Protein chains: 2
Amino acid sequence: MRADAKRNRDRIVEVAREVFREHGYDASLDEIAKRAGVGAGTLYRHFPTRDALLDAIMQSWVDRVNEATEKALAFEGEDRELLIGWFETYASLISLHKGGPAKITSAMGNPDSPIVSKCQVLTAASQRVIDRLEADGALRADVDAVQVCQLVGGVATVADNADQPVSAVRPLLEVVADGMLR
Amino acid sequence: MRADAKRNRDRIVEVAREVFREHGYDASLDEIAKRAGVGAGTLYRHFPTRDALLDAIMQSWVDRVNEATEKALAFEGEDRELLIGWFETYASLISLHKGGPAKITSAMGNPDSPIVSKCQVLTAASQRVIDRLEADGALRADVDAVQVCQLVGGVATVADNADQPVSAVRPLLEVVADGMLR
DNA sequence: ACCTGAACACCGTTCAAGT
DNA sequence: ACCTGAACACCGTTCAAGT
């Protein structure tokens with residue numbers, strides 16, 4: 001890739017992150033191009049779809065997911081608290097910007113989504129939490145990681161749609177946790 | 001209201017119901033006007049916002065909610081089955097068209113929403129189911145109707161976003177039910 | 001009083017011309 | 001090889017003119 005192409009690409013991703021945070025996932029791509037100082041065609045050349053741009057944005061976000069997972073697993077205390085804590089972390093992680101929770105959760109379990117690899121990072125993280133609880137014998141046998149991601153994603157979507165912080169839906173997360181635990 | 005105005009209004013609602021079912025809640029309002037055989041301005045005169053049109057569509061839908069509630073309450077069997085059955089019914093009721101679950105669920109508990117009255121119909125219905133279960137002593141004390149609507153609405157939104165039928169998310173509804181029951 | 005539809009604004013997407 | 005930005009298409013919304 002040519003140096004100027006790489007520079008443009010990086011700049012677009014950086015600006016997109018900013019604009020998505022400000023205006024949500026439905027933000028104007030034209031504004032992103034303008035703020036990045038490139039023509040509209042350049043944006044489309046690098047990212048043929050809106051989702052491709054989202055995928056690029058989430059590249060650096062993977063590190064944060066892994067960090068948060070380690071932190072959750074290091075928690076020493078009651079299983080219920082661990083689980084609810086992870087739910088809150090998970091919900092926050094997918095609340096990158098308005099429209100994010102719905103976008104990510106609907107991609108969950110869909111192998112054709114342009115952001116599959118990012119969903120896998122999330123399901124893998126949830127799987128690790130589940131494994132830890134399963135080892136404690138604290139879990140009902142029939143829950144899998146994708147279901148957990150969908151459920152918590154659904155709750156996060158509720159909060160996002162209502163323009164409320166994740167903390168506002170904590171009672172819902174507690175119900176979900178209780179439904180999963182023995 | 002003049003006779004021709006009423007005729008136009010009714011026609012718009014009827015067509016909107018059809019078009020929303022076909023193309024989801026984001027369908028083009030222009031297409032609705034065209035199919036209804038009215039000018040774009042006429043649609044805007046009767047329904048200044050997209051939500052006002054949705055509210056009108058849901059007018060007749062209220063009867064269906066009440067019917068379904070009676071049917072759910074008439075169920076004789078285990079509490080768990082009753083609750084899961086109601087969840088499935090609820091999820092189907094708010095899946096009027098693509099985008100419906102998110103729209104309705106985000107309006108839940110927001111007094112300024114243009115479709116508040118419709119949300120109240122839903123929460124009242126859920127409250128009746130909750131009351132029945134509470135009388136049986138089957139419920140955890142700390143669940144209210146709005147929370148139930150939000151949780152089940154969140155699950156319905158997951159199904160809707162992934163273009164899947166309500167039946168596909170039944171395992172998630174079971175987890176929610178188990179979280180609510182003693 | 002109500003309706004029509006042209007006009008405007010806005011945004012996504014493409015592509016010919018330029019470097 | 002990559003970029004630009006004008007051009008096109010599409011849709012929401014308004015409003016002057018018509019009945």
Side-chain angles (χ1 to χ4, degrees), chain A residues 1-58 96-100 102-103 106-107 113-115 161, chain B residues 1-57 97-100 102-103 106-107 113-115 161:
Chain A
M1 188 183 296
R2 236 165 58 178
D4 57 342
K6 172 157 174 43
R7 206 182 331 114
N8 278 333
R9 209 199 108 102
D10 290 349
R11 179 116 186 77
I12 290 169
V13 171
E14 192 187 335
V15 169
R17 209 178 332 251
E18 203 177 287
V19 174
F20 280 169
R21 204 179 327 113
E22 282 173 34
H23 302 300
Y25 186 57
D26 291 333
S28 159
L29 295 181
D30 195 54
E31 188 181 334
I32 294 174
K34 274 215 183 77
R35 274 212 225 172
V38 301
T42 302
L43 189 150
Y44 280 90
R45 157 170 290 269
H46 287 295
F47 307 101
T49 66
R50 188 180 284 270
D51 280 357
L53 188 50
L54 175 61
D55 189 67
I57 283 177
M58 290 176 83
L96 284 164
H97 51 252
K98 188 133 181 70
K103 187 71 218 162
S106 70
S113 163
I115 56 169
N161 281 337
Chain B
M1 188 184 297
R2 236 165 61 177
D4 59 340
K6 171 156 173 45
R7 205 181 332 114
N8 277 333
R9 209 199 109 102
D10 290 349
R11 181 119 185 75
I12 289 168
V13 171
E14 192 187 334
V15 169
R17 209 178 331 252
E18 204 177 288
V19 174
F20 280 169
R21 206 179 325 114
E22 283 173 34
H23 303 300
Y25 185 59
D26 292 332
S28 160
L29 295 182
D30 195 53
E31 187 181 336
I32 293 174
K34 275 216 182 76
R35 274 210 225 174
V38 303
T42 303
L43 190 151
Y44 279 91
R45 159 170 288 268
H46 287 295
F47 307 101
T49 65
R50 187 180 285 270
D51 280 358
L53 188 50
L54 175 60
D55 189 68
I57 283 177
H97 51 252
K98 188 135 181 68
K103 187 72 218 163
S106 71
S113 164
I115 57 168
N161 281 337

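So that the names make sense, note that chain A is the first sequence line, chain B the second, and so on, each numbered from 1. If you're wondering where the values come from, they're calculated on a predicted model, not measured in any experiment.
Note that CG of B:N8 is 11.0 Å distant from CZ of B:R45, once rounded to the nearest 0.5 Å. From A:T49, atom OG1 reaches atom CG of A:L54 across 9.0 Å, with rounding to the nearest 0.5 Å. The line from CD1 of A:I115 to CD1 of A:I57 is 11.0 Å long, rounded to the nearest 0.5 Å. Rounding to the nearest 0.5 angstrom, the gap separating the CZ atom in B:R9 from the CG atom in B:D4 is 14.0 Å.
Rounded to a whole Å, the NE2 atom of B:H23 is 14 Å from the C1' atom of D:dC11. Nucleotide C:dG12 holds its P atom 5 Å from the CG atom of A:L29, rounded to whole Å. Summarising the geometry, the separation between OH on B:Y44 and C1' on C:dA9 is reported as 12 Å, rounded to the nearest angstrom. Here C:dT13 presents its P atom at 11 Å from CG of A:D51, a figure rounded to the nearest Å. The nearest whole Å value for the distance from the CG atom in B:D30 to the C1' atom in C:dA9 is 15 Å. B:R35 has its CZ atom 13 Å from the P atom of D:dC11, to the nearest Å. Look at CZ on A:F47: it is 18 Å from C1' on C:dT14, rounded to the nearest Å.
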Under the side-chain contact (heavy atoms from CB on, under 4.5 Å) rule, what do B:D30 and B:L43 come out as? Steps first, then yes or no, please. CA-CA 9 Å; B:D30 195 53; B:L43 190 151; over 6 Å; no

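Counting only heavy atoms from C-beta outward, the side chains of A:F47 and A:D55 never approach each other to under 4.5 Å. The closest side-chain heavy-atom distance from B:E31 to B:V15 is not below 4.5 Å.
Put simply, the residue from A:K98, A:R17, A:R35 that forms a salt bridge (Lys or Arg N to Asp or Glu O under 4.0 Å) with A:E22 is A:R35.
The ring-ring contact (aromatic ring centres under 6.0 Å, His included) contacts involving residues 12-37 of chain B comprise B:F20-B:Y25, B:F20-B:H97, B:Y25-B:H97, where partners must be two or more places apart or lie in separate chains.
In this model, the phosphate group of D:dC10 is not approached by any side-chain N or O of B:S28 to a distance below 4.0 Å at OP1 or OP2.
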Just the table, please: protein N/O against nucleotides 1-5 of chain D N/O, every pair under 3.5 Å.
| unit_1 | atom_1 | unit_2 | atom_2 | d |
| --- | --- | --- | --- | --- |
| D:dA1 | N3 | A:R2 | NH1 | 3.1 |
| D:dC3 | OP1 | A:N8 | ND2 | 2.6 |
| D:dT4 | OP2 | A:G39 | N | 2.7 |
| D:dT4 | OP2 | A:T42 | OG1 | 2.6 |
| D:dG5 | O6 | A:G41 | N | 3.1 |

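Residue A:A27 is classed as a sugar-phosphate contact, given heavy-atom separations below 4.0 Å to backbone atoms only. Counting any heavy atom pair closer than 4.0 Å across all strands shown, B:R7 reaches no nucleic acid atom.
Consecutive pairing runs in DNA chain D reach the stem threshold at C:4-8 with D:12-16, C:12-16 with D:4-8, where a stem means at least three Watson-Crick or G-U wobble pairs with distances under 3.5 Å.
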